[in-house]
Amino acid sequence: MALRDPVDKNLLRMEARRFASRCEGQIATIERADNLREIVRLAGSIHLAYPLSDESTARDALRLVQVRAEDRARELIQQQLKNYQNVEAYLREGWRRTLLESWRNLTGPLAHLHPWAMSRLTIAEQQLPN
C-alpha cells in the first residue's frame, strides 16, 4: 500500500536523486585518485539502500561509479606497466615486486582486474628487449 502513496513515491525519487548526486561526487573523487588502494576504497564505500533498489536512477548512478572506478584502475595499471617497461633492466625486479604489491589491493568490486593486470604484465615482459 505504501508504494501507491504519491508522497512515498516522491520521497523515494528525491532520495534517488540525492543518492545519484552523491555518486557523482564519488566519481569526481575517483578521477582524482592516484593509487589503486584509494580507487578500490572509493568504489566499495558507496552502497545502494534497499528502498532505492527499484529506482533506476540510483542503480544507474551506482553502475557509473563502478564503471568509472574500473576505468580509472585500468588507466593506472597501464601507466604502471608503461613505467615498468621504461625502467632500466637492473631495476625491473624491484619494480615488478612493487607492481604485484600494488595489485594486491584489487579486491571487492575490482577484484576481476587482478588477472587482467597479470596478463598485461606478461605481455609487457614479453615485449621487453633482452
Side-chain angles (χ1 to χ4, degrees):
M1 280 191 242
L3 292 178
R4 296 180 188 267
D5 186 14
V7 174
D8 286 343
K9 282 184 179 180
N10 286 335
L11 283 174
L12 274 176
R13 282 191 205 116
M14 184 178 71
E15 198 61 34
R17 285 192 303 267
R18 185 175 155 266
F19 181 79
S21 66
R22 187 172 152 223
C23 286
E24 288 173 8
Q26 195 82 347
I27 288 171
T29 306
I30 287 171
E31 289 174 355
R32 289 190 306 268
D34 60 350
N35 62 40
L36 292 174
R37 176 179 285 169
E38 186 69 11
I39 292 173
V40 170
R41 185 187 69 79
L42 291 168
S45 67
I46 193 163
H47 301 285
L48 185 62
Y50 178 73
L52 295 177
S53 61
D54 287 338
E55 293 292 322
S56 63
T57 306
R59 287 193 318 263
D60 291 344
L62 186 60
R63 188 175 332 113
L64 284 175
V65 169
Q66 298 298 325
V67 166
R68 185 58 195 136
E70 182 178 336
D71 290 345
R72 182 68 179 133
R74 285 181 192 265
E75 290 171 11
L76 284 178
I77 290 168
Q78 289 185 350
Q79 184 63 39
Q80 288 174 337
L81 290 171
K82 184 178 177 184
N83 293 339
Y84 173 73
Q85 286 179 319
N86 293 335
V87 77
E88 296 294 327
Y90 66 93
L91 296 173
R92 281 199 187 113
E93 187 58 36
W95 272 74
R96 187 177 198 284
R97 282 193 303 269
T98 304
L99 289 176
L100 295 177
E101 182 66 31
S102 173
W103 295 346
R104 285 193 188 117
N105 293 312
L106 293 171
T107 58
L110 299 178
H112 64 281
L113 290 180
H114 191 269
W116 177 82
M118 293 300 292
S119 68
R120 293 292 172 182
L121 177 62
T122 304
I123 291 169
E125 288 176 336
Q126 289 173 353
Q127 293 175 350
L128 290 174
N130 288 335

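Since the structure is predicted, the reported quantities are computational estimates derived from the model, not experimental observations.
- Listed for the Ser102 side chain is no donor-acceptor partner under 3.5 Å among the backbone atoms of Thr98.
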Go through the steps to decide whether Arg97 and Glu101 satisfy the test side chain to side chain contact (heavy atoms under 4.5 Å, CB included), and finish with yes or no.
CA-CA 6 Å; Arg97 282 193 303 269; Glu101 182 66 31; over 6 Å; no
Derivation and outcome, side chain to side chain contact (heavy atoms under 4.5 Å, CB included), residues Ile39 and Asn105
CA-CA 9 Å; Ile39 292 173; Asn105 293 312; over 6 Å; no
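- Checked for salt-bridge contact, Arg74 and Asp71 miss the test: no charged N lies under 4.0 Å from a carboxylate O.
- Between Glu75 and Gln79 there is no side-chain heavy-atom pair separated by less than 4.5 Å.
- Taking CD of Gln26 as the reference point, atom CG of Leu62 lies at 10.0 Å (rounded to 0.5 Å).
- A distance-only check finds a donor-acceptor pair linking the side chain of Gln66 to the backbone of Ala43 [under 3.5 Å].
- No donor-acceptor pair closer than 3.5 Å links the side chain of Glu31 to the backbone N or O of Arg72.
- Note: the hydrophobic cluster containing Val87 also contains Tyr90 (ILVMFWY, side chain heavy atoms under 4.5 Å, direct or indirect links).
- The hydrophobic clustering, which links ILVMFWY residues whose side-chain heavy atoms are closer than 4.5 Å, places Val67 and Leu48 apart.
- Between the side chain of Arg68 and the backbone N or O of Ile30 there is no donor-acceptor pair closer than 3.5 Å.
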Taking only distance into account, with no hydrogens and no angle test, what donor-acceptor pairs under 3.5 Å do side-chain atoms of residues 14-23 form with protein atoms, sequence neighbours excluded?
{"unit_1": "Glu15", "atom_1": "OE2", "unit_2": "Arg18", "atom_2": "NH1", "d": "2.4"}
{"unit_1": "Ser21", "atom_1": "OG", "unit_2": "Arg18", "atom_2": "O", "d": "2.8"}

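- For the atom pair OG1 (Thr107) and CZ (Arg37), the distance works out to 9.5 Å, reported to the nearest 0.5 Å.
- In this structure, Asn86 CG and Leu91 CG are separated by 12.5 Å, a value rounded to the nearest 0.5 Å.
- Shown here for Ala33 and Glu38, the closest heavy-atom pair between the two residues is CB-CG, 3.9 Å.
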Verify salt bridge (Lys or Arg N to Asp or Glu O under 4.0 Å) between Arg96 and Glu93, making sure each step is shown before the conclusion.
CA-CA 5 Å; Arg96 187 177 198 284; Glu93 187 58 36; 5.2 Å; no
Begin from the C-alpha positions of Ile77 and Leu106 and carry the test side chain to side chain contact (heavy atoms under 4.5 Å, CB included) through to its verdict.
CA-CA 11 Å; Ile77 290 168; Leu106 293 171; 3.9 Å; yes
Distance-only check: which donor-acceptor pairs under 3.5 Å involve side-chain atoms of residues 114-124, not counting sequence neighbours?
{"unit_1": "Ser119", "atom_1": "OG", "unit_2": "Trp116", "atom_2": "O", "d": "2.7"}
{"unit_1": "Thr122", "atom_1": "OG1", "unit_2": "Met118", "atom_2": "O", "d": "3.0"}

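- To the nearest 0.5 Å, the span separating CG on Leu76 from CG on Leu81 amounts to 11.0 Å.
- For the residue pair Arg92 and Tyr84, the shortest heavy atom distance occurs at O-CE1, 3.3 Å.
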Take Gln80 and Trp95 through the test side chain to side chain contact (heavy atoms under 4.5 Å, CB included) and record every step on the way to the result.
CA-CA 9 Å; Gln80 288 174 337; Trp95 272 74; over 6 Å; no
